[in-house]
There are 2 protein chains.
Amino acid sequence: MPKSTTSRLLPPADDHAARFLRQREADRAAVAEDYVELIADLLREEGEARAVDLARRMGVSQATVTATVARLQRAGLVETKPYRGLFLTRAGDAMAEAAKRRHDLMVRFLLAVGLDRETAEADAEGLEHHASERTLATFARFLAEQESKA
Amino acid sequence: MPKSTTSRLLPPADDHAARFLRQREADRAAVAEDYVELIADLLREEGEARAVDLARRMGVSQATVTATVARLQRAGLVETKPYRGLFLTRAGDAMAEAAKRRHDLMVRFLLAVGLDRETAEADAEGLEHHASERTLATFARFLAEQESKA
DNA sequence: TCCATAACTTAGCCTCGGCTAAGATACTCG
DNA sequence: CGAGTATCTTAGCCGAGGCTAAGTTATGGA
Ligand SMILES: [Mn+2]
Ligand SMILES: [Mn+2]
Ligand SMILES: [Mn+2]
Ligand SMILES: [Mn+2]
């Protein structure tokens, strides 16, 4: 019998490369997103966001926080008032809000498909940075549908 | 009225830190997984896995492939026969298989919740590294259930 | 056979995001 | 009003994972 429909398994090289590129970009953005999201959370719930607390919650040394915050500052996302905590710029706040939206949507979706809360929260922390807008929209739609037929 | 059930929004600091730690570990592992998975794919579908092709498909320079492969070799995942391509050790093969399993499951799941194939493939490339076994099991269960009621 | 060229390596550079140890500084409380 | 302490910074280090430019070297086609 003749060789049937050549099984197209590997995508065209450029498409393939484009995917990995997007992935690397997302990874680079992830740290910034997590830091500003956490700063926003601390500001909202504790009234202030101290570098020490960031260090503790990120599981990282204070020196690392100093360095990372310096980068975020250079990137125009964060402002610092030494001994008075960290603050977000407009841009930082926008990023934090987007991050929180994605984070929450991700968690709600994972819960909706049957995951336990703790695992959902834990995995969402990583997954959130790799779901495109299109994917998030699909998740949102899924949630809406599930709700409507409940 | 009295302050009701204190809204626990931020998790305990150690738990929080543990999540970020797991995330950082997953990120570090991701490159190895992607390389090894790609090498396995190339071996299966093209008969050989050349460094040039890896570079092309990963969207990375040849020098970067040399360096990364050296690391993977040190880690006991890959072997090289210069001008004859790359090969996987037992450990590398095991990792590739696990990666492929996760990748495929992720894609199938994304398709099942309504995502288009191209986005599913693209996002899976990043998401696959951040879904815990528990989460993957939940996705698998979801697929099985959906199938049974079709 | 032999040599042009594709495949690979080396050298040297960069940024990010970690770390420890040591130093500076500002709040706070006695 | 100090001084002790918590907070923050600095210095110096590391590995991963990128890059470009400039070599090598093995293969295969004329
Ligand atoms: Mn996160
Ligand atoms: Mn998050
Ligand atoms: Mn991947
Ligand atoms: Mn993959």
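Letters A, B, ... are given to chains in the order of the sequence lines, protein chains preceding strands, and every chain is numbered from 1.
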(Q) With a 4.0 Å limit, can you tell me whether A:Arg71 has a side-chain N or O closer than that to the phosphate oxygens OP1/OP2 of C:dG17? (A) yes

(Q) Please determine whether a side-chain nitrogen of the Lys or Arg among A:Arg44 and A:Glu37 lies less than 4.0 Å from a carboxylate oxygen of the Asp or Glu. (A) no

Q: With a 4.0 angstrom cut-off to heavy atoms of chain A, pull out the first and last contacting nucleotide of DNA chain D, in 5'-to-3' order.
A: D:dT7 to D:dG18

Q: List in numerical order all residues of residues 60-69 of chain A for which some heavy atom is under 4.0 Å away from an atom belonging to DNA chain D.
A: A:Gln62, A:Ala63, A:Thr66

Q) Under 4.0 Å between a Lys/Arg side-chain N and an Asp/Glu carboxylate O for B:Asp93 and B:Arg90? A) no

Q.
Exactly one of B:Glu133, B:Glu128, B:Glu33 should register a salt bridge (charged side-chain N to carboxylate O under 4.0 Å, His left out) with B:Arg101. Which one does?
A. B:Glu133

(Q) Using the side chain to side chain donor-acceptor pair (under 3.5 Å) criterion, which residues pair with A:Arg108? Sequence neighbours excluded. (A) none

Q. Does A:His130 reach the side chain of B:Asp123, with side-chain heavy atoms less than 4.5 Å apart?
A. no

Q | Test ring-ring contact (aromatic ring centres under 6.0 Å, His included) applied to A:His103 - qualifying residues, sequence neighbours left out | A | none

Q | Secondary-structure stems, DNA chain D, at least 3 Watson-Crick or G-U base pairs under 3.5 Å | A | C:1-30 with D:1-30

Q. Do the rings of A:Phe142 and A:Phe109 sit parallel, tilted or perpendicular, given the 30° and 60° boundaries?
A. perpendicular

Q | Linked hydrophobic residues, B:Leu111 as query - side chain contacts closer than 4.5 Å | A | B:Val107

Q: Answer yes if the side chains of A:Thr135 and A:Thr138 hold a donor-acceptor pair under 3.5 Å, and no otherwise.
A: no

Q.
Quick one: does any side-chain atom of A:Thr80 pair with a main-chain N or O of A:Leu86 as donor and acceptor, under 3.5 Å?
A. no

Q.
If you take any heavy atom closer than 4.0 Å to DNA chain C, which residues from residues 14-33 of chain A end up in contact?
A. A:Arg28, A:Val31

Q. With sequence neighbours excluded, what pairs up with A:His129 under the ring-ring contact (aromatic ring centres under 6.0 Å, His included) test?
A. none

Q) With sequence neighbours left out, what residues match A:Asp14 under side chain to side chain donor-acceptor pair (under 3.5 Å)? A) none

(Q) Just checking B:Arg134: does its CZ atom have more than 12 heavy atoms from other residues, nucleotides or ligands closer to it than 6.0 angstrom? (A) no

Q: Say whether, by atom type as modelled, one donor and one acceptor occur between the side chain of B:Glu125 and the main chain of A:Arg19 under 3.5 angstrom.
A: no

Q. Of the non-hydrogen atoms in B:Ala122 and A:Arg22, which two are nearest, and what is the gap between them?
A. CB-NH1, 3.8 Å

Q) Less than 4.0 Å between a side-chain N and a carboxylate O, is that true for A:Glu79 and A:Arg84? A) no

Q) With sequence neighbours left out, what residues match B:Arg141 under side chain to side chain donor-acceptor pair (under 3.5 Å)? A) none

Q: Assign a letter to each nucleotide of nucleotides 23-30 of chain C from its 5' end: B, base within under 4.0 Å of a protein heavy atom; S, sugar-phosphate only; -, no contact.
A: --BSS---

Q | For atom CZ of B:Arg56 and atom P of C:dC8, their distance in whole Å | A | 10 Å

Q: With a 4.0 Å heavy-atom cut-off, tell me which residues in residues 92-100 of chain A come close to DNA chain D, sorted by residue number.
A: none

